[in-house]
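Computed from a prediction, not measured in an experiment: that's the story for all the values here.
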Amino acid sequence: MSIKKYINTVEVAKLTGLQQEDIRNLAKTNVLPSHKTRKGHYRINVDAVEKYFDIVINDAEQNITPFTSTDKSSTSSHTDELKYISGHTARKYLKCSKAEFESLIEQGIIKAHRDEYNRWKVSKASVIDYTKRPTLSNETRLITNESHYQEVIEKICSAKSSVKIMTANFKRFRLKPTGSQGGNYNDGTPFVKYLMAKAIQGVSIQIICSMPSSSFRDEWKEYYQQMSPELFEYMFCERNHAKVVIVDDRIAYVGSANVTPAGIGQGLFTPGNFEAGIISMNPKVVSSAKTLFSTIWSKAHCDKCHRADMCNARNL
């Protein structure tokens, strides 16, 4: 039996469990080197398929039957191969870095588990579903002015597992009142109190701030005794001027707005500042924002910072 140099999209689909359209897209973009027949069908280079999908293709008969065998002894392993691919193959198909790939798994966007050798086994279906989602440009949007309340504050309020906030200023303000609370701005729940209630419910809250207001510190002291200290933490950093919010490690805001009434368009007498930023679910953006936050949170820069003593005094 001869060794094939080219393979058609039907055979590649059977070998990988992907749809023929996905294979054609890889061929169209020259990710898989190929040529077209007179009838317009793609003939794909076998070596490229082996390298890209990390598989071995031996001959024509084996190529077209690996996932259709009725041999009972191999049904289980073939079924498993149909459902899962290696982490290496998934990363190639998604064209993402290791950090981005693991961020997708952490967010539950890509379904995967570790096998007995601690290697990723990735759901083919979740990879295909992700590639069919709207383009990443649609997942990163510009927001301005008072829309910060809906796009940032309300997402914080709906957090399920964690909230990370970096801000220069943190001032007291109240959430929009519910129907049972009343119709005036002052009837709403204080934001810090709401954050602490989330922490009591088990949501991790971490705040980095350079200039917290006295009202923030007063509210923190008032409600702190009700909480688990490990779930609500804040630290001072004199040098921090970044405005970053990360919700559930899957949504990130990066922009100009501080966590203040004017910053989020909730001023009592004015509509607030002119602010602009992006809200993103792009794993690469979220991962970069998390890295920035963790670097500051771990105090990696403190040893060489001339303001560290002031920060330490405030944190006492």
Side-chain angles (χ1 to χ4, degrees), residues 100 103 107 109 133-179 181 183-195 198 203 205-213 215-216 219 234 237 239-297:
E100 293 164 13
S103 177
Q107 296 174 50
I109 297 172
R133 293 173 58 178
T135 59
L136 292 179
S137 61
N138 291 334
E139 296 180 5
T140 302
R141 296 177 288 106
L142 178 71
I143 61 174
T144 59
N145 305 335
E146 63 270 13
S147 62
H148 279 72
Y149 184 91
Q150 179 182 356
E151 297 282 4
V152 180
I153 301 303
E154 289 188 357
K155 283 183 172 59
I156 291 174
C157 293
S158 63
K160 304 297 183 185
S161 59
S162 64
V163 174
K164 299 176 177 67
I165 298 173
M166 293 179 67
T167 182
N169 296 319
F170 199 126
K171 294 183 179 179
R172 176 174 180 165
F173 68 91
R174 293 175 178 268
L175 300 174
K176 291 180 179 178
T178 62
Q181 288 178 319
N184 296 320
Y185 179 85
N186 285 329
D187 294 330
T189 303
F191 181 58
V192 175
K193 183 177 180 180
Y194 191 92
L195 286 180
K198 297 287 284 187
V203 176
I205 309 292
Q206 295 175 300
I207 299 171
I208 298 173
C209 182
S210 60
M211 292 170 32
S213 68
S215 61
F216 168 83
E219 286 187 331
Y234 77 88
C237 177
R239 291 175 57 194
N240 181 62
H241 201 254
K243 291 83 176 181
V244 176
V245 174
I246 306 166
V247 178
D248 293 337
D249 289 338
R250 68 182 187 86
I251 303 172
Y253 164 78
V254 181
S256 64
N258 283 306
V259 184
T260 64
I264 61 168
Q266 290 293 298
L268 284 174
F269 307 109
T270 65
N273 298 334
F274 294 118
E275 305 282 4
I278 61 166
I279 191 83
S280 179
M281 294 181 66
N282 182 329
K284 189 171 184 177
V285 174
V286 175
S287 178
S288 297
K290 287 171 60 180
T291 298
L292 172 64
F293 187 94
S294 62
T295 300
I296 306 301
W297 187 263

Minimum heavy-atom distance between I246 and V244, given as atom pair plus value: CG1-CG1, 4.0 Å
So, the side chain of N273 versus the backbone of E275: is there a donor-acceptor pair under 3.5 Å, distance only? no
For K171, does the NZ atom sit with more than 12 other heavy atoms under 6.0 Å from it, leaving out its own atoms? no
What is the distance from atom CD1 of I264 to atom CG of N258, rounded to the nearest 0.5 Å? 11.0 Å
Could you tell me which residues satisfy side chain to side chain donor-acceptor pair (under 3.5 Å) with K290, sequence neighbours excluded, listed by chain and number? E106
Mind listing the closest non-hydrogen atom pair of S280 and V286 along with its distance? O-CG2, 3.9 Å
A side-chain contact here means heavy atoms from C-beta on lying under 4.5 Å apart; do S162 and D249 qualify? yes
Determine yes or no for a side-chain-to-main-chain donor-acceptor pair under 3.5 angstrom, with D248 supplying the side chain and A159 the backbone. no
Nearest 0.5 Å, what's the CD-CD1 distance between Q150 and I143? 9.5 Å
Y194 side chain to C157 backbone, donor-acceptor under 3.5 Å: yes
Taking salt bridge (charged side-chain N to carboxylate O under 4.0 Å, His left out) as the definition, give me every residue that meets it alongside E151, ordered by chain and number, with sequence neighbours left out. R141, K155
What is the minimum heavy-atom distance between A289 and A252, and which atoms define it? CB-CB, 4.2 Å
Given V163 and K198, is the side-chain contact (heavy atoms from CB on, under 4.5 Å) satisfied, shown in steps? CA-CA 10 Å; V163 174; K198 297 287 284 187; over 6 Å; no
Candidate pair Y149 and E154, rule side-chain contact (heavy atoms from CB on, under 4.5 Å), full reasoning: CA-CA 6 Å; Y149 184 91; E154 289 188 357; 3.5 Å; yes
Interatomic spacing from CD1 in I251 to OG in S158 - rounded to 0.5 Å: 6.5 Å
Answer yes or no: is there a side-chain heavy-atom contact under 4.5 Å between I208 and Y234? no
Heavy-atom check, side chain of L292 versus side chain of V254, under 4.5 Å: no
Return the set of residues passing ring pair (Phe, Tyr, Trp, His ring centres under 6.0 Å) with F293 (not counting sequence neighbours), or none when no residue passes. W297
side-chain contact (heavy atoms from CB on, under 4.5 Å) between I156 and I165, intermediate numbers included: CA-CA 9 Å; I156 291 174; I165 298 173; 4.1 Å; yes
Please check if the side chain of T167 supplies one atom and the backbone of V259 the other of a donor-acceptor pair under 3.5 Å. yes
Of the non-hydrogen atoms in R174 and G188, which two are nearest, and what is the gap between them? NH1-O, 2.7 Å
Taking the six-membered ring for Trp, are H148 and Y253 parallel (under 30°), tilted (30 to 60°) or perpendicular (over 60°)? perpendicular
I207 CD1 to C237 SG distance, which is reported to the nearest 0.5 Å: 14.5 Å
Check: N240/S210 side-chain N/O donor and acceptor closer than 3.5 Å: no
Using the side-chain contact (heavy atoms from CB on, under 4.5 Å) rule, take L175 and I153 through it: C-alpha gap first, then chi angles, then the decisive distance, then the call. CA-CA 9 Å; L175 300 174; I153 301 303; 3.7 Å; yes
